[in-house]
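Notes follow once the structure below has been shown.
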Amino acid sequence: MTTLMRSVAELPLLDHHCHGVFGRDLDRAAFEANLTEAAAAHPGAGSLFDTQVGFAVRRFCAPVLDLAAHATPEDYLARRAELGHAEVTARFLGAARLGGLCVDTGFTPEALLPPAALGVAAHAPAYEIVRLEQVAEEVAATGVGAGDFANAVRERLAVRTRDAVGVKSIAAYRVGLGLAPDRPDDRTVREAAARFLATSPRRLADEVLHRFLVYCAVDLDLPVQFHCGYGDADVRLHECNPLLLTDLLRALQPAGVPVVLLHNYPYHREAGYLAQVFPHVYLDVSLATHNLGRRSVALLAEALELAPFAKLLYASDAYGLPELYHLGAVLFRHALSDLLSAGVAEDAWRPGDADRMAALVGADNAKRVYRLP
Ligand SMILES: [Zn+2]
């Protein structure tokens, strides 16, 4: 990794997809369980510090806690415990040097720091992204009947998104991305709602209802994020290729609402293709950026083979560990700087072009998509 281009080093990044962090101290098992997409450490199969992301923590996070780069996991975790979670969170969110955050508030198996507190720690404005399936599950919990379900969802979504900047679909986690293109009619939604409301627990996993929710958001003129590609063991990765959304993306194009494909790895090239051919489609390489560690340079370069520079957004997908806010940012800065400065060295573009592309990818694309000030 080379010295960062000045325009990339100084740029406040807009993190358009991230989550809360834990408000508690973590032992080694809990830290390792949240370092990768594995649900837990792998007892008897080695340490999850011996991964690309583990080495990136030791290389880039240790100095933020006043340790030498490449500190051992034992020294790193001891220093972390000594400083305490509040100080560790403040240091990493500050070190990320963000210009703003769009926080997905829909996944909270335990209480996490809310957007306002994340914004304070990051010294940047924090905005909310509302998870569509959560709104539908909240409506189901009110005891509504199948006939009133569609209207109740529309009304609740309008209220819940009043101060939000976008919504997110986790259809990938529940049914995969093979969604049909058309807006489902009232009768189809009512029949699907009856099936959903008869289940217990009410965990929405119905192709019609995921699609209905997307159209509800489009009717509210809200940018729609889709989880795509890489995720934890709950996804069936082969059903999360963003190309499966092709027909739906084509159907949504006339509405003009931005659709943002999140994560995408290992289908980031496919996502880049979709972003090239559809004017309303955007992508990021979040989550994979920190998990790939030093290989995130290749990841970003591959995503930007086809994707126009005006279509790629920065995101960390940090969740739980505040380290992931910093790692996402530092690895993305290195990847972007390497890509742009190599292009300058090869006379593929001029230094002024490189600075302009850095500003687009680092912040301006996200500001445009989510209409941020
Ligand atoms: Zn996420």
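Atoms within a ligand are numbered from 1 in the order they appear, just like the ligands themselves. The model shown is predicted, which means the values in this text are computed figures rather than measured ones.
Ser286 and His17 share no donor-acceptor pair across their side chains, judged by distance under 3.5 Å alone.
For Asp186, the CG atom counts as loosely surrounded, since its 6.0 Å shell holds 12 or fewer non-hydrogen atoms of other residues, nucleotides or ligands.
Seen from the ring of Phe55, Arg58 does not count as a face-on cation partner, given the 6.0 Å and 45° thresholds.
Note on Cys18: not counted as a metal contact of the Zn ion (ligand 1), no N/O/S atom lying under 2.8 Å.
The Zn ion (ligand 1) is closest to atom OD1 of Asp317 (considering only N, O or S atoms). Looking only at its N/O/S atoms, His19 has NE2 as the one nearest to the Zn ion (ligand 1).
For the atom pair NE2 (His326) and CG (Leu65), the distance works out to 9.0 Å, reported to the nearest 0.5 Å.
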